[in-house]
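The chains referred to below are lettered A, B, ... by the order of the sequence lines, with proteins before strands, and numbering in each begins at 1. Only this structure's heavy atoms are used, side chains among them; waters, hydrogens and symmetry mates stay out.
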Number of protein chains: 2
Amino acid sequence: MAEQAETLRRTPLNRDRILRAAVTLADGAGIESLSMRNLAQELGVVPMALYKHVANKDELLDGMIDVVVGEIEPLTPGVGWQPAIRRRVLSARQVLRRHPWASLAIESRSTATPAVLGYLDSMIGALRAGGLSADLTHHVMHAMGSRILGFSQELFDASRQAGRTGPTVPTPPAPLPPEVAARFPHVAEIATAAAHDTGTVVGAGCDDQFEFEFALDLLLDGIERLRAQGWTSTH
Amino acid sequence: MAEQAETLRRTPLNRDRILRAAVTLADGAGIESLSMRNLAQELGVVPMALYKHVANKDELLDGMIDVVVGEIEPLTPGVGWQPAIRRRVLSARQVLRRHPWASLAIESRSTATPAVLGYLDSMIGALRAGGLSADLTHHVMHAMGSRILGFSQELFDASRQAGRTGPTVPTPPAPLPPEVAARFPHVAEIATAAAHDTGTVVGAGCDDQFEFEFALDLLLDGIERLRAQGWTSTH
DNA sequence: ACCTGAACACCGTTCAAGT
DNA sequence: ACCTGAACACCGTTCAAGT
């Protein structure tokens, strides 16, 4: 990283270079290490130089989110709405797993950037083209929520832990301590009964591919059923 | 608030009083106003005095989350698993709407506190008592995700905005600007086609009761269908 | 006109001095 | 032993001084 800053020191600073460096820094050292001062140091530049290209830290985060959203694969043409949405959401999930800080950053923002709006626009277009009414599509977009961008809000998500370096260092499974298991027997039963490869219900590695696809298909199948029934909201 | 600090100044400091004051401060002034220094001032106490009762700010936040979770109504006995879960999740939603900072705080934590574990334990118990296998229950808990605690992760949630004072000051509807509508026609169609009482798909007030219940019932109905089919995971 | 060091108004937390 | 002021190591951002 030091030699990276070295080689880049004399190439002129611009918004794109700042955003890419910020994403790399957040990926590697965690979002809590991303300060204007740290980022400037990484770029071999005085902190105030950043403010020529981004108005403030919020705008920096918006730009970082747009970089991430730009990595999501475009929609596959020529397939039904359900596989089209399914593939793209799973692509978004792969991207979000490469940038573990991004989901929390997106949630904290609450204002849509142009890149995010463009992403949503194409998703809505795919649903409409698949025969869903505007009314149903509206509710479906709500019901899918953050899953549209490839992340479900699990109650306890190991990738959210501070200082995590992402999928290159998989979090070790956290076994349920005996005193916890005794106090919360139902949690314990569930944790052991269906424990898959690397985790437990309260431990790490549980937001894995299977759980995500289970929830995704539960939603997509329910939506397809509503579409086939010609469902409309009554209010 | 000043006179509140006045009357409480001489009553001895304890963990409970700190947590309640912290929740009130976060409710009223927003989570970004909750600093150890501000909280101490609100309690008429020197900042360092807090550290006698909470180890650090993270533990303070854990305690605040437990206060909030403690406000959720217990399970209704004597009804089927579906209405039981439904009622409690909707109760949790009411609670979370009183404390808009809580959902983001819960998401950022990632380690379960005893109160949260107790809540999850009783929910799992209700599902198991309703005839769901341990295997299905495990996946269901994942699929429900944060919705179990009464909040869905909407892509854009107005209540997440900094400085919001909660449901007492409802956020005004944000109409879609014409240039945005022109650039993202599908978003515009959805926003206008199914716009309900106070909002648009990218504006405020969209995470309303209807959308939440729509998604909740989509999941609960899908789950009931799996249960009736005797669904088991194949992996 | 551009760049940048110092400064401002904050943080959470440590630590040593005072009682 | 307890309490607490000052201090430390940070923040994001403003602003004025230097080129």
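- In this structure, B:L13 places its CG atom 14 Å from C1' of D:dT4, rounding to the nearest Å.
- Summarising the geometry of B:D121 relative to A:P185, their closest heavy-atom pair is OD1-N, 3.5 Å, with the distance given to 0.1 Å.
- The nearest whole Å value for the distance from the CD atom in B:E32 to the P atom in D:dG12 is 16 Å.
- Spacing between atom CD of A:Q41 and atom C1' of D:dC11 amounts to 14 Å, rounded to whole angstrom units.
- B:S33 and B:N38 are not linked by any side-chain donor-acceptor pair at a separation below 3.5 angstrom, with hydrogens and angles left out of the test.
- If you check C:dT4, D:dG12, C:dG12 against the side chain of B:Y51, the one that comes closest is C:dG12.
- Donor-acceptor pairing under 3.5 Å is lacking for the side chains of A:R93 and A:S152.
- One interatomic measurement links the two molecules: CE of A:M36 to P of D:dT13, which rounds to 6 Å at whole-angstrom precision.
- In this structure, B:L50 places its CG atom 15 Å from C1' of C:dT14, rounding to the nearest Å.
- When each of D:dT13, C:dT13, C:dT4 is scored by its nearest atom to the side-chain atoms of B:N56, the top-ranked nucleotide is C:dT13.
- Here A:M48 lies in heavy-atom contact (under 4.0 Å) with a base.
- Between A:L39 atom CG and D:dT13 atom P the separation is 13 Å, expressed in whole Å.
- Salt bridge status for A:R15 with A:E59: present, with a side-chain N to carboxylate O gap under 4.0 Å.
- Relative to the side chain of B:K57, the nucleotides C:dT4, D:dG12, C:dT13 differ in distance, and C:dT13 lies closest.
- Between C:dC11 and B:N38, a contact under 4.0 Å exists linking OP1 or OP2 to a side-chain N or O.
- If A:R37 and A:K52 are placed on DNA chain C by their nearest nucleotide, the residue sitting closer to the 5' end is A:K52.
- When rounded to the nearest whole Å, the span between CG of A:L43 and P of C:dC3 equals 15 Å.
- If you check D:dA16 for Watson-Crick or wobble pairing at under 3.5 angstrom, you find it paired to C:dT4.
- The residue A:D58 sits apart from the nucleic acid: no heavy atom pair falls under 4.0 Å.
- A ring-centre distance under 6.0 Å is not found for B:F210 and A:H142.
- When both pairing distances are held under 3.5 Å, D:dC11 makes no Watson-Crick or G-U pair with any nucleotide shown.
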